[in-house]
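Beneath this line is the structure, given in structure tokens, with notes to follow.
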There are 2 protein chains.
Amino acid sequence: MTLAERKRQLVRDELTEAALKLLASQGFEETTIDQIVAAAGVSRRTFFRYFRSKEDVIIEFLGHLGTKLRDALAARPAAETPARALREAFAVFTDTYHHNPEKSIRLARLTLGSPALMARYLERQTQWRADAGAELARRMKVDPATDLRPRLTAAVGFAAFDTALTCWVDGDGDQDLNTWLDKAFRIVFGETGL
Amino acid sequence: MTLAERKRQLVRDELTEAALKLLASQGFEETTIDQIVAAAGVSRRTFFRYFRSKEDVIIEFLGHLGTKLRDALAARPAAETPARALREAFAVFTDTYHHNPEKSIRLARLTLGSPALMARYLERQTQWRADAGAELARRMKVDPATDLRPRLTAAVGFAAFDTALTCWVDGDGDQDLNTWLDKAFRIVFGETGL
DNA sequence: CCTCCGATGGCACTGAGTGTCAAACATGAC
DNA sequence: GTCATGTTTGACACTCAGTGCCATCGGAGG
């Protein structure tokens, strides 16, 4: 990595760290971008050269989870039921979260608790859901335009995931996210569907 | 209704109509509040005395659907399965939409097509989902804090509804929303669950 | 040493949303 | 009819998000 690139990364990290600290202590809506840039020591204009909005600072932690989910789904053995394959593919989410549980739960709580952040998160999830639906259609060898099943399987899977995530956060991570996800999938898809 | 109240309603209608016309012709994000108030002949400040935001002009059409859904759910016979009761309760949505299909489909298309509107819609839906989950818990006589089933039933129901709504809008209302909803519910809950 | 390019900051602007205030106006009492 | 009251309105000023533009600085390379 060149010097310029490292400098750029430095500023980015500085902004992210300052934002995280302020958002955690004051809440999302109460924190202004002016406060963040003051804490990071850059101009307001520079902030927008790194992030499109305050929301983006947090949402970027999601990275390329959507692509990873789709790839993981495509990699599941064809013998698995769609529901089972989707459940296993969700491991890319739970793995990411388990890699740093405290931070993940803090970010998740922040997101679930702020309407603006939640909106951006759901916007992303809508895309992921569509991608997963398309991949399930391929796996099931049906036309997604006429057969609702792949899309509904994806939609139900994400509904289960959202519920599991909420339980996980509300319970302060007492129980594993995977445990919640297993419970939820077993209920929505039944023993037979999985 | 007093004269003052009727005058207030008049201004409100004027704003709604002006907004609807502009939003339909220019799109949601492209239309500014200044354009709306200019078309309605009131000041910008007055707009905000009637609506909290541009989004609210559209979102208010949803009215008290959440409360109505909950009431309808509570009114379903106890003998029905939770899924069946939820499906029948969704009639408050389909009835509202069928009361004026062209307008409903236009509004739905506008909402599904605009990130800001979609966000506000989903925010509302989250509340409805929670309410429906609570009502289902009562109906199922279980504690929603420990038993995921009522919440998941509501979540899956809304997932089915969202998918059905999208199909309905994408198909330009060619097929009844109720038809889509029946198809979706049969898939996600199966013949047994209903 | 000079040139070029990327990063930065400053400035001005649009647009959303809010607080404040004074003028306008309908309502009700006398 | 007149006066007092409460509501609605427009105007202005302000904060905050987000964008375009331009001058400047500093490092990389010839």
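Naming: A, B, ... by sequence-line order, numbering from 1 per chain.
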* Structure fact -> The side chain to side chain donor-acceptor pair (under 3.5 Å) partners of A:E29 (sequence neighbours excluded) come to A:S114
* Structure fact -> Residue set satisfying ring-ring contact (aromatic ring centres under 6.0 Å, His included) with A:W128, at least two apart, ordered chain then number -> A:F93
* **Five-pair end axes of the helix from C:dC1-D:dG30 to C:dC30-D:dG1, angle between them (10°)** => 0°
* Structure fact -> Residue pairs passing the salt bridge (Lys or Arg N to Asp or Glu O under 4.0 Å) test with at least one member in residues 181-194 of chain A, sequence neighbours excluded, are A:R87-A:D182
* Structure fact -> With a 4.0 Å cut-off (strictly under) to non-hydrogen atoms of chain A, the first and last hit nts on DNA chain C, 5' to 3', are C:dA7 to C:dC11
* Asked: Would you say the side-chain atoms of A:E5 pair up with the backbone N or O of A:T2, donor to acceptor, closer than 3.5 Å?
  -> yes
* **Nearest-nucleotide 5' precedence on DNA chain D, A:T31 against A:K7** => A:T31
* Atom pair distance, as rounded to whole Å: CZ in A:R8 and C1' in D:dG26 -> 16 Å
* Looking at DNA chain D, which of residues 34-56 of chain B put a heavy atom within less than 4.0 Å of it? -> B:V42, B:S43, B:R45, B:T46, B:R49, B:Y50
* In whole angstrom, what separates A:L22's CG from D:dC16's P? -> 14 Å
* Structure fact -> Those residues at least two apart in sequence (or on a different chain) that pass ring-ring contact (aromatic ring centres under 6.0 Å, His included) with A:F189 are A:F185
* Structure fact -> The remaining residues in the hydrophobic cluster of B:F47, counting side-chain heavy-atom contacts under 4.5 Å among Ile, Leu, Val, Met, Phe, Trp and Tyr, are B:V11, B:L15, B:L22, B:I33, B:I36, B:V37, B:V42, B:F48, B:Y50, B:F51, B:V57
* Asked: Looking at residues at least two apart in the chain, or sitting in another chain, which of them share a side-chain contact (heavy atoms from CB on, under 4.5 Å) with A:D143?
  -> A:A145, A:T146
* Asked: Can you list the residues that meet the side chain to side chain donor-acceptor pair (under 3.5 Å) rule with A:R12, with sequence neighbours excluded?
  -> A:E60
* A:T31: partners by side chain to side chain donor-acceptor pair (under 3.5 Å), with sequence neighbours left out -> A:Q26
* To do: Could you pull out all residues at least two apart from A:R138 that satisfy side chain to side chain donor-acceptor pair (under 3.5 Å)?
  => A:E135
